[in-house]
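First comes the structure, then the notes that go with it.
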Amino acid sequence: MSRLLKLNIFRYNPEDEQSAPHMQEFVLEETDSMTLFIALNRVREEQDPSLQFDFCCRAGICGSCGMVINGRPGLACHTKTRDLPGEITLLPLPVFKLVGDLSVDTGTWFREMYTKTESWIHTNKVFDPAALEERMDNKDAVAIYELERCVECGCCISACGTARLREDFMGAAALNRVARFLIDPRDQRTDRDYYDIIGNDMGIFGCMGLLACEDVCPKHLPLQNQLGFLRRKMGITSLKRLFSK
């Protein structure tokens with residue numbers, strides 16, 4: 001006989017003056033290979049159509065279904081209910097603006113982050129639409145691809161102690177993005193240019209090194225390596241700036 005799952009879900013609609021934050025319990029029967037995404041859809045289809053949560057791809061690619069699952073940020077579509085106890089508590093990701101229930105606005109945060117980190121190739125070369133694509137060493141391409149696998153789910157930001165204390169902290173997603181451009185041979189920015197972006201408490205020197213970001217990353221990005229790489233790079237750049245004065 002299948003288990004009966006008890007889902008304790010956070011409910012609150014900030015657009016409704018009559019709504020107040022509270023937990024609501026739902027019970028449903030577990031099925032084979034059930035994910036939290038499937039469970040939440042069943043709750044919405046069978047019990048409460050007003051339940052709000054985000055999804056798009058259902059395959060761990062869009063990052064939309066990020067939420068706190070039994071105290072740990074994760075993706076609902078990646079989480080099998082068989083790997084969880086019979087009682088499951090679901091909360092919205094902290095740090096981001098709450099839209100309603102389990103739905104948060106990660107898009108605004110990431111858009112502002114990309115602007116702040118100047119997340120585009122900086123080059124003086126004039127674009128020629130008729131030219132062949134610029135060749136790149138395979139080692140560099142693989143390293144860039146590894147960092148590009150971020151799906152912008154926001155789990156690393158929600159698990160970050162500094163981000164939860166300070167709204168101005170860039171977080172692991174932004175620092176990973178900077179590392180991606182720093183190793184890109186097409187980007188002509190210098191170490192000093194990058195220092196001006198992340199060489200402060202809002203950037204790499206604000207990181208407390210707790211590494212919860214890597215622990216909860218659903219794509220298993222090497223965030224520990226990138227944060228260490230950036231800290232050494234910016235530390236050396238800081239010393240060079242100090243002694244060049």
Side-chain angles (χ1 to χ4, degrees), residues 56-64 66 75 77-78 105-157 160 163 168-207 211 213-214 216-244:
C56 184
C57 73
R58 301 173 292 174
I61 298 173
C62 71
S64 299
L75 296 181
C77 68
H78 258 198
D105 177 11
T106 56
T108 298
W109 189 94
F110 275 96
R111 184 166 59 249
E112 292 176 351
M113 178 271 285
Y114 282 134
T115 301
K116 190 181 300 183
T117 58
E118 299 184 17
S119 187
W120 57 86
I121 296 290
H122 288 58
T123 178
N124 295 324
K125 295 182 180 179
V126 178
F127 175 66
D128 181 2
L132 293 175
E133 184 176 354
E134 186 174 347
R135 288 187 174 275
M136 181 185 298
D137 185 82
N138 190 59
K139 182 179 179 181
D140 292 332
V142 171
I144 292 171
Y145 171 77
E146 177 71 1
L147 304 186
E148 283 279 13
R149 292 190 301 107
C150 174
V151 295
E152 301 180 0
C153 63
C155 288
C156 65
I157 306 301
C160 176
D168 60 354
F169 182 60
M170 291 183 181
L175 295 171
N176 177 74
R177 193 69 180 166
V178 169
R180 173 255 180 273
F181 283 98
L182 200 153
I183 64 176
D184 194 321
R186 298 167 298 179
D187 196 292
Q188 296 177 345
R189 281 176 287 184
T190 66
D191 289 347
R192 291 199 174 198
D193 293 329
Y194 286 109
Y195 184 87
D196 291 337
I197 298 174
I198 64 169
N200 48 51
D201 285 342
M202 295 181 295
I204 190 60
F205 297 128
C207 172
L211 299 178
C213 53
E214 181 166 306
V216 302
C217 178
K219 308 306 288 186
H220 307 293
L221 293 177
L223 298 175
Q224 177 179 354
N225 294 340
Q226 299 312 313
L227 294 173
F229 165 68
L230 290 175
R231 194 184 296 274
R232 290 192 301 272
K233 195 85 168 175
M234 294 302 103
I236 293 172
T237 303
S238 177
L239 291 174
K240 288 181 177 179
R241 288 174 59 132
L242 178 66
F243 289 109
S244 66

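Only heavy atoms go into these numbers, but all of them, side chains included; no hydrogens, no water, no symmetry mates.
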| message | Checking Ser119 against Arg177: is there a side-chain donor and acceptor pair closer than 3.5 Å? | response |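 Ser119 and Arg177 do have a side-chain donor-acceptor pair below 3.5 Å.
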| task | Go through the steps for Lys116 and Asp168 under the test salt bridge (charged side-chain N to carboxylate O under 4.0 Å, His left out), then give the verdict. | result | CA-CA 11 Å; Lys116 190 181 300 183; Asp168 60 354; over 6 Å; no
| Does Ser238 reach the main-chain N or O of Met234 with its side chain, forming a donor-acceptor pair under 3.5 Å? |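 Flag not set: sc Ser238 to bb Met234 has no pair under 3.5 Å.
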| request: Would you check if the side chain of Gln226 reaches a backbone N or O of Ala179 as a donor-acceptor pair within less than 3.5 Å? | output: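 The answer is no, because no donor-acceptor pair under 3.5 Å joins these two groups.
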Minimum heavy-atom distance [X]-[Y], with the two atoms named:
{"X": "Ala174", "Y": "Met113", "value": "CB-CG, 3.1 Å"}
{"X": "Ile61", "Y": "Cys57", "value": "N-SG, 3.2 Å"}
{"X": "Cys153", "Y": "Leu75", "value": "CB-CD2, 3.7 Å"}
{"X": "Gly199", "Y": "Phe205", "value": "C-CD1, 3.6 Å"}
{"X": "Ala163", "Y": "Ile157", "value": "CB-O, 3.6 Å"}
{"X": "Phe110", "Y": "Ala173", "value": "CE2-CB, 3.7 Å"}

Drop me the distance from [X]'s [atom1] to [Y]'s [atom2], to the nearest 0.5 angstrom.
{"X": "Thr190", "Y": "Leu182", "atom1": "OG1", "atom2": "CG", "result": "9.5 Å"}
{"X": "Cys213", "Y": "Gln224", "atom1": "SG", "atom2": "CD", "result": "8.5 Å"}
{"X": "Lys240", "Y": "Tyr195", "atom1": "NZ", "atom2": "OH", "result": "13.0 Å"}
{"X": "Leu223", "Y": "Leu175", "atom1": "CG", "atom2": "CG", "result": "9.5 Å"}
{"X": "Asn176", "Y": "Met170", "atom1": "CG", "atom2": "CE", "result": "13.5 Å"}
{"X": "Arg111", "Y": "Thr106", "atom1": "CZ", "atom2": "OG1", "result": "10.0 Å"}

Do [X] and [Y] have side-chain heavy atoms sitting under 4.5 Å apart?
{"X": "Lys219", "Y": "Val151", "value": "yes"}
{"X": "Leu147", "Y": "Leu221", "value": "no"}
{"X": "Ile197", "Y": "Phe181", "value": "no"}

| query | Given Arg180 and Asp184, is the salt bridge (charged side-chain N to carboxylate O under 4.0 Å, His left out) satisfied, shown in steps? | reply | CA-CA 6 Å; Arg180 173 255 180 273; Asp184 194 321; 2.7 Å; yes
| query | Got a sec, which residues hit side-chain hydrogen bond (donor to acceptor under 3.5 Å, both in side chains) with Asn225, two or more places apart in sequence or on another chain? | reply |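 With neighbours one apart ignored, the set is empty.
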| task | Could you label the plane-to-plane angle of the Trp120 and His122 rings as parallel, tilted or perpendicular, counting under 30° as parallel and over 60° as perpendicular? | result |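 Trp120 vs His122 ring planes: parallel.
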Below 3.5 Å, can you tabulate the donor-acceptor pairs from side chains in residues 126-144 to any protein atom, sequence neighbours excluded?
from   : atom 1 : to     : atom 2 : distance (Å)
Asp128 : OD1    : Ala130 : N      : 3.0
Glu134 : OE2    : Lys125 : NZ     : 3.4
Asp137 : OD2    : Lys139 : N      : 3.0

| task | Can you establish whether the number of heavy atoms outside Arg231 located under 6.0 Å from its atom CZ is more than 12? | result |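 Atom CZ in Arg231 is packed in, count exceeds 12.
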